[in-house]
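A quick write-up on the structure given underneath.
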Amino acid sequence: MTLTIATWNINSVRLRIETVARFVAEHQPDVLCLQETKCIDGQFPLADVKRMGYEHTAIHGQKGYHGVAVFSRFALKDVDRKAFCDKNDARHIAVTLAEGPGAGTRIHNFYVPAGGDEPDPAINEKFAHKLGFLDEMEAWDALRVGGGASKTVLVGDLNIAPLEHDVWSSKQLTKVVSHTPLERRRLTEVATNGGWVDMMRALTPEPQKLYTWWSYRSPDWDAADKGRRLDHVWLSPALAPAMRQVKVLREARGWDRPSDHVPVVATLAL
DNA sequence: ATGGCCGCCTTTGGCGGA
């Protein structure tokens with residue numbers, strides 16, 4: 001039996017609900033995790049989500065910014081929404097699959113702060129927030145999955161491209177927030193100290209380029225191809241033997257009125 | 001750096017994204 005889990009920063013779920021429907025029709029993930037839904041829970045287009053075949057949903061939104069959601073073909077239990085950095089800004093939701101091939105699997109869906117422009121926490125509060133968020137992720141017991149039997153998946157827009165070949169030019173981006181040496185090291189520490197396996201890079205090792213985001217500002221994103229890998233799929237070691245495939249849906253960046261991120265679809269054999 | 005865009009708001013310009 002296989003379980004497919006997709007993650008996608010949708011950049012407004014209300015504006016792009018038909019884009020979500022297109023992706024679901026074409027790829028049929030069992031579980032879909034969204035980030036940047038940008039609406040309060042009462043405005044979330046749940047009727048459309050049900051029409052796509054997802055009977056089970058868990059959402060955590062706020063007005064205008066951020067927001068995360070999980071849609072599932074299988075029943076969910078133990079839904080938790082954790083606040084980071086003493087803010088209530090809808091950047092995390094966790095669920096456990098209660099049935100199906102992945103029954104018992106815990107899924108954490110994250111939207112890590114972007115961090116503003118200036119990569120100096122002393123003068124840029126947003127960058128300090130991003131680093132503080134990573135500190136809290138690293139310290140959280142629930143994200144320490146190494147060594148045990150825990151079946152846990154962490155997905156989301158982590159807003160950091162940690163490896164050299166996660167960006168089009170590591171040298172040219174070294175002072176750009178999302179690829180500074182400090183962020184790269186801190187995200188790697190969160191993963192390593194937590195015991196996580198980077199599923200995308202386990203299946204597509206460096207030096208192959210791997211991007212999930214292309215700026216809206218690029219006049220010809222496809223030809224220029226100045227992308228970054230900001231979206232991630234991490235697995236606890238107990239799930240690593242189940243890794244089968246990761247698809248990065250580059251073509252979705254070229255759809256009408258696209259998100260600047262594309263879906264990432266992970267397949268596990270369970 | 002891509003910086004030339006996009007989406008949100010009790011909107012018409014400012015903020016946040018990355």
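Proteins come first, then strands; the chains are lettered A, B, ... in the order of their sequence lines, and each starts at number 1.
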What nitrogen or oxygen pairs link the protein and nucleotides 5-7 of chain B at under 3.5 Å?
| unit_1 | atom_1 | unit_2 | atom_2 | d |
| --- | --- | --- | --- | --- |
| dC5(B) | O4' | Tyr216(A) | O | 3.2 |
| dC5(B) | N4 | Arg217(A) | NH2 | 3.0 |
| dG7(B) | OP1 | Arg16(A) | NH1 | 3.0 |
| dG7(B) | OP1 | Arg16(A) | NH2 | 3.3 |
| dG7(B) | OP2 | Arg257(A) | NH2 | 3.1 |

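For the C1' atom pair drawn from dG7(B) and dT12(B), the interatomic distance equals 14 Å after rounding to whole Å. Straight-line distance between the P atoms of dT10(B) and dC15(B): roughly 14 Å, to the nearest whole Å. Rounded to whole Å, the C1' atom of dT11(B) lies 15 Å from the corresponding atom of dG16(B).
Mapping Gln43(A) and Pro219(A) onto DNA chain B by nearest heavy atom places Pro219(A) at the nucleotide closer to the 5' end. Taking the nucleotide of DNA chain B with the nearest heavy atom to each of Lys171(A) and Gly116(A), the more 5' of the two is matched to Lys171(A).
Look at CG on Asn124(A): it is 15 Å from P on dC15(B), rounded to the nearest Å. In this structure, the CD atom of Gln35(A) is 17 Å from the C1' atom of dG16(B), given to the nearest Å. One atom, CH2 of Trp168(A), and another, C1' of dA18(B), lie 14 Å apart when rounded to the nearest Å. Distance, His129(A) NE2 to dC15(B) P: 19 Å, rounded to whole Å. Separating the CG atom of Asp157(A) from the C1' atom of dA18(B) is a distance of 9 Å, rounded to the nearest angstrom. For the pair Lys226(A) NZ and dG4(B) P, the computed distance is 14 Å after rounding to whole Å. In this structure, CD1 of Ile160(A) is placed 14 Å from P of dG17(B), rounded to the nearest angstrom. Atom P of nucleotide dG4(B) and atom CG of Asp220(A) are separated by 17 Å, given to the nearest angstrom.
A tilted orientation is assigned to the rings of Trp234(A) and Trp196(A), their planes being inclined by 30° to 60°.
Tested against Leu239(A) for a side chain to side chain contact (heavy atoms under 4.5 Å, CB included), the candidates Val145(A), Val197(A), Thr152(A), Thr105(A) yield a single pass: Thr105(A).
Residue His261(A) places at least one side-chain N or O closer than 4.0 Å to OP1 or OP2 of dA18(B). At least one side-chain nitrogen or oxygen of Lys126(A) sits closer than 4.0 Å to the OP1 or OP2 atom of dG16(B).
Annotation: side-chain hydrogen bond (donor to acceptor under 3.5 Å, both in side chains) contacts of Ser259(A) (sequence neighbours excluded): none. Here His66(A) pairs with Tyr111(A) under the ring pair (Phe, Tyr, Trp, His ring centres under 6.0 Å) rule; sequence neighbours left out.
At a threshold of 4.0 angstrom between heavy atoms, the contacts of Trp213(A) include nucleobase atoms, whether or not backbone atoms are also involved. Counting non-hydrogen atoms under 4.0 angstrom, Asp117(A) reaches a base of the nucleic acid. Phe127(A) comes within contact range of no nucleotide atom at all, as no heavy-atom separation falls under 4.0 Å. In this structure, Arg91(A) reaches the sugar-phosphate backbone alone: every heavy-atom distance under 4.0 Å involves primed, P, OP1 or OP2 atoms, never a base. At the heavy-atom level, Asp89(A) lies nowhere under 4.0 Å from the strands shown.
Using modelled atom types, one side-chain atom of Arg184(A) and one backbone atom of Pro162(A) make a donor-acceptor pair closer than 3.5 Å. Remark: side-chain polar atoms of Arg16(A) are paired, donor with acceptor, to backbone N or O of Arg257(A) under 3.5 angstrom. Distance alone, capped at 3.5 Å, is enough to place a donor-acceptor pair between the Glu136(A) side chain and the Cys85(A) backbone.
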Does Gln208(A) form a side chain to side chain contact (heavy atoms under 4.5 Å, CB included) with His165(A)? I'd like the steps, not just the answer. CA-CA 7 Å; Gln208(A) 276 188 259; His165(A) 298 285; over 6 Å; no
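Taking the side chain of Lys63(A) as heavy atoms from C-beta on, and the options dT10(B), dC8(B), dA18(B), the nearest nucleotide is dT10(B).
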